[in-house]
Amino acid sequence: MHNRQNAAQSLPVPSLWGIDAEIAGKPIVRGTITINSLSGNTLTGTANFRGNPIPIQGTWDENSQSIRFDSPYASFAGQLTIYDDAGINVRHLVLSGKFLMKPPSLQAGEAGSWIATTDTVLTGPPINTGAIPPVGVFLTSDLLYYTGRRNYRGFYR
């Protein structure tokens, strides 16, 4: 039997992530990803890009800190990077990588890059404090904290 406290995953579950995806340097979609469950290395959740959550499922590899998941319209692969800010007790978790659009998407066959972020409370010693998170972290954290507070043109309601 495993002691759950000793077998902690670095990927928080459940968790809500802000995501930004681009093709050829042009933003194509922004929204949120929810990771609802992680059983063994199988994950399930939803992606919400246009107001309707769509199912995602995939795998998480704790040893390589890598994730793969599929939505009905794209396949995503990426790596987890952790940035700790001990001064404010925040751990920034950043998933980033590549994706490939698939049918029935109108962009089927096109590939791009994505970044998703979430924050947790820093409960243990800091892991990575020397690096500054990429710019995408600030954009995607905006998606997390202002979701539902702005209308489609970006104005506050």
Side-chain angles (χ1 to χ4, degrees), residues 9-38 41-62 64-85 87-88 90-122 127-157:
Q9 294 272 348
S10 52
L11 193 69
V13 177
S15 54
L16 177 66
W17 301 69
I19 185 170
D20 178 63
E22 59 182 39
I23 292 176
K26 295 181 179 165
I28 62 157
V29 69
R30 293 182 176 134
T32 57
I33 296 281
T34 303
I35 299 175
N36 292 324
S37 70
L38 183 59
N41 70 338
T42 301
L43 68 89
T44 59
T46 58
N48 191 334
F49 294 117
R50 294 187 174 42
N52 294 322
I54 56 174
I56 61 169
Q57 56 186 6
T59 58
W60 167 250
D61 184 328
E62 183 69 24
S64 65
Q65 302 282 285
S66 62
I67 191 169
R68 292 186 168 277
F69 63 92
D70 286 290
S71 79
Y73 306 100
S75 295
F76 295 80
Q79 296 289 134
L80 176 68
T81 308
I82 294 172
Y83 301 92
D84 289 334
D85 189 336
I88 57 171
V90 171
R91 172 164 285 168
H92 302 280
L93 296 110
V94 181
L95 290 167
S96 61
K98 302 291 181 189
F99 68 92
L100 178 65
M101 300 301 293
K102 60 187 187 181
S105 170
L106 297 175
Q107 294 157 318
E110 293 190 51
S113 59
W114 64 279
I115 184 169
T117 62
T118 196
D119 298 329
T120 62
V121 175
L122 179 59
I127 295 172
N128 181 0
T129 59
I132 296 172
V135 166
V137 168
F138 304 105
L139 171 67
T140 54
S141 65
D142 226 24
L143 293 168
L144 278 180
Y145 297 114
Y146 295 105
T147 299
R149 293 188 190 160
R150 295 181 185 182
N151 66 19
Y152 68 97
R153 291 194 177 146
F155 297 103
Y156 288 99
R157 290 182 193 165

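In this text the structure is predicted, and so the values were computed from the model without any measurement. Heavy-atom basis, side chains included; hydrogens, waters and symmetry copies ignored.
By the 4.5 Å heavy-atom criterion applied to side chains, Asn48 and Thr34 are not counted as neighbours. For the pair Glu22/Ile28, no side-chain contact is recorded, criterion being any heavy-atom separation below 4.5 Å from C-beta on. Put simply, the side chain of Asp85 does not reach to within 4.5 Å of the side chain of Leu122, judged on heavy atoms. Between Ile82 and Arg91 the shortest side-chain heavy-atom distance falls below 4.5 Å.
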Please lay out, stage by stage, how Val94 and Ile115 fare under the test side-chain contact (heavy atoms from CB on, under 4.5 Å). CA-CA 7 Å; Val94 181; Ile115 184 169; 3.8 Å; yes

Test Trp60 against Gln65 for side-chain contact (heavy atoms from CB on, under 4.5 Å), laying out the working first. CA-CA 7 Å; Trp60 167 250; Gln65 302 282 285; 3.8 Å; yes

Intermediate values then yes/no, side-chain contact (heavy atoms from CB on, under 4.5 Å), Leu80 and Ile67: CA-CA 8 Å; Leu80 176 68; Ile67 191 169; over 6 Å; no

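Residue pairs meeting the salt bridge (charged side-chain N to carboxylate O under 4.0 Å, His left out) criterion with at least one member in residues 42-56: none, sequence neighbours excluded.
Listed here is the closest heavy atom pair of Ser37 and Val13: CA-CG1, 3.6 Å. The shortest heavy-atom contact between Pro72 and Pro55 is CD-O, 3.4 Å. The two residues Leu11 and Ile35 make their nearest non-hydrogen contact at CD2-CD1, 4.0 Å. The shortest heavy-atom contact between Gly45 and Asn36 is CA-ND2, 3.5 Å.
For Tyr73, the OH atom is loosely surrounded, since the number of other residues' heavy atoms within 6.0 Å does not exceed 12. More than 12 non-hydrogen atoms from other residues, nucleotides or ligands lie less than 6.0 angstrom from CD of Gln79.
The closest side-chain donor-acceptor pair between Ser10 and Glu62 falls under 3.5 angstrom.
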What donor-acceptor contacts under 3.5 angstrom involve side-chain atoms of residues 97-113, with partners at least two apart or in another chain?
from: Lys102; atom 1: NZ; to: Asp70; atom 2: OD1; distance (Å): 3.4
from: Lys102; atom 1: NZ; to: Ser71; atom 2: O; distance (Å): 3.1
from: Ser105; atom 1: OG; to: Gln107; atom 2: N; distance (Å): 3.0

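Here the straight-line distance linking atom CD1 of Ile19 with atom OG of Ser96 works out to 10.5 Å at 0.5 Å rounding.
In this structure Trp114 satisfies the ring pair (Phe, Tyr, Trp, His ring centres under 6.0 Å) test together with Phe69, Phe76, sequence neighbours excluded.
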